[in-house]
Number of protein chains: 2
Amino acid sequence: MAGKRRYEDGCAFAQGLDVVGERWALLVVRELMFGPKRFSDLKSDLTGIATNVLTQRLTDLEAAGVISRRDLPPPTRGRVYALTDWGRELAPVIEVMGRWSARNPRLQFGWPLSVSAAMMSLGSMFDPSRAEGVEAALQFDFGGELFAVTVADRRLRVDPGRHPAPQVTVTGDQNELLPVLYAGMPVAEAEANGLAVEGDREVLRRFATLFPMPDPAPLPVTAT
Amino acid sequence: MAGKRRYEDGCAFAQGLDVVGERWALLVVRELMFGPKRFSDLKSDLTGIATNVLTQRLTDLEAAGVISRRDLPPPTRGRVYALTDWGRELAPVIEVMGRWSARNPRLQFGWPLSVSAAMMSLGSMFDPSRAEGVEAALQFDFGGELFAVTVADRRLRVDPGRHPAPQVTVTGDQNELLPVLYAGMPVAEAEANGLAVEGDREVLRRFATLFPMPDPAPLPVTAT
DNA sequence: CCGAATCCTGTCCGATACTG
DNA sequence: CAGTATCGGACAGGATTCGG
């Protein structure tokens, strides 16, 4: 419940911060972006979140209309949390802010990304102007979570589930793939690191050129 | 300073939240979007912020490279805070999130908007598809803060300062103009409320059709 | 075992008073 | 004008416990 600390500001943006501006809230949304999850999945994907905080966020986000909870039918007992249509419309917010954050001069590359974070980052970093004439159909399998990724008509699609006709299939840990996309690591090196690539490696290599990293912003002139 | 509570998440988006995800941070950025401001201006435009919190945010945002502080040359004693180039790139983040928030089913219209909030909302709500063939040149004067607003080539520009050749000039309180843009209030009614309109009222009337309000998202099925 | 409620502790926020 | 000092209270973080 909570005493609901709010900005009393007529600005819709500020009222949006009242809904999803609290700590962890947008990360919960990010984790649900590709489909419903259970409490324990959220807890393990959001490393560091406390159970009571997660409970609180789920309660608040449901009350606001951003997510909904559903009880699973037997035999799979349990409940899952899913974005509402309105909640799913936060995807551009996450993508645009992710793109801004890519210029963070203090960006850290050491920490791992969750599967959802890695897949959302594709939409953030995709550059349509580089996709002229590119057609690609990829399937990713990150520990059993499948994604169908398609580039066509200068657009990128990232859908949960199996791809009907992939040209290349990538299986392994998402954190082994990301250096190929964002740091120019050769595909062969990622394979040596444990990533399994089946099919047309050239499609993956070409795909990896569509996600340019922007230059980092300047650090402040720390007069400390 | 401070023990800097951080998500230790490799996701650039999450690291962006580490920079501008704290309470009030993005509202400070919003207030600086059209030019530098002094501490006391920020304090009065952000109704409800405590001075120590504002100090803390300005310190943190400067350390992160989002804003910079400059001491004014004599005779105007004092210092001002300005966005860095990287900080200015947060404009799309605020606009996209503002657009999402416009569908908030609990959106409150009672509270006033600051001048910067009102001007940022134009960029959020502008619909290019409605601006086909529209050319408009407006000047707004909100208590001495001037803005040059231009629609041309299906694009909207909102710049601080005087417009070189306005077709219509609006003077008064920004909160008297907004119902004309977002709630279909007739220009004449806003004038009766105290807004001063000089020049071609038809330009303003046409301008007001470019900012459609989306349907609110459904409220959750409160099964309390 | 999953989802959540309940401690307790530490940090951050909010409001006001005060100072260079 | 531009902050600092102070303090109560709200919220986050972590561990433990409870109910289905």
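In what follows, every chain begins at residue 1, and chains take the letters A, B, ... in the order their sequences are listed.
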- Taking the side chain of B/Arg57 as its heavy atoms from C-beta onward, which of D/dG3, C/dA4, C/dC12 lies nearest to it? C/dC12
- Query: Which nucleotide sits closest to the side chain of B/Arg38: C/dG14, C/dC2, D/dC1?
  - Reply: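 Side chain of B/Arg38 sits closest to D/dC1.
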- Task: Could you tell me which residues satisfy side chain to side chain donor-acceptor pair (under 3.5 Å) with A/Asp141, sequence neighbours excluded, listed by chain and number?
- Result: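 Partners of A/Asp141 by the side chain to side chain donor-acceptor pair (under 3.5 Å) criterion come out as none, since no residue qualifies.
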- Looking at residues at least two apart in the chain, or sitting in another chain, which of them share a salt bridge (charged side-chain N to carboxylate O under 4.0 Å, His left out) with B/Glu176? none
Would you say a side-chain N or O of [X] is under 4.0 Å from OP1 or OP2 of [N]?
X       : N      : value
A/Arg6  : D/dA10 : no
B/Tyr81 : D/dG3  : yes
A/Arg5  : C/dC12 : no

- Task: Using the test ring pair (Phe, Tyr, Trp, His ring centres under 6.0 Å), find all partners of A/Tyr81 that sit at least two apart in sequence or belong to another chain.
- Result: none
Looking only at side-chain N and O atoms, does [Y] offer a donor or acceptor that is under 3.5 Å from a partner on [X]?
X        : Y        : result
A/Ser68  : A/Glu62  : no
B/Glu31  : B/Ser114 : yes
B/Thr169 : B/His163 : no

Taking distance alone, no hydrogens or angles, what donor-acceptor pairs closer than 3.5 Å link side-chain atoms of residues 83-94 of chain B to residues at least two apart or in another chain?
unit_1  : atom_1 : unit_2   : atom_2 : d
B/Thr84 : OG1    : B/Gly65  : O      : 2.8
B/Thr84 : OG1    : B/Val66  : O      : 3.0
B/Thr84 : OG1    : B/Trp86  : N      : 3.4
B/Thr84 : OG1    : B/Gly87  : N      : 3.0
B/Asp85 : OD1    : B/Arg88  : NH1    : 3.0
B/Trp86 : NE1    : A/Trp100 : O      : 3.2
B/Arg88 : NH2    : B/Leu83  : O      : 3.1
B/Glu89 : OE1    : A/Arg103 : NH1    : 3.0
B/Glu89 : OE2    : A/Arg103 : NH1    : 2.4

What's the [atom1]-[atom2] distance between [X] and [N], to the nearest Å?
X       : N      : atom1 : atom2 : value
A/Ile49 : D/dC11 : CD1   : P     : 16 Å
B/Asp71 : C/dG20 : CG    : C1'   : 15 Å
B/Arg23 : D/dG9  : CZ    : C1'   : 14 Å
A/Leu42 : C/dA4  : CG    : P     : 10 Å
A/Lys37 : C/dG3  : NZ    : C1'   : 17 Å
B/Asp18 : C/dT11 : CG    : P     : 17 Å
A/Asp60 : D/dC11 : CG    : C1'   : 12 Å
A/Lys43 : C/dC2  : NZ    : C1'   : 13 Å

- Contact pattern, 5' to 3', of nucleotides 5-10 of chain C - B, S or - by protein heavy atom under 4.0 Å: BBB---
- Which sits closer to the 5' end of DNA chain C, A/Asp41 or B/Gly48, going by the nucleotide each is nearest to?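 This one resolves to A/Asp41.
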- Message: Can you see whether A/Tyr7 has B/Arg23 sitting over its ring - NZ or CZ less than 6.0 Å from the centre and within 45° of the normal?
- Response: yes
- Query: Between A/Arg6 and A/Asp18, is the closest basic N to carboxylate O distance under 4.0 Å?
  - Reply: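 Result for this pair is no, no salt bridge flagged.
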- Rounding to 10 degrees, work out the angle separating the end axes of the helix from C/dC1-D/dG20 to C/dG20-D/dC1 (five pairs an end). 30°
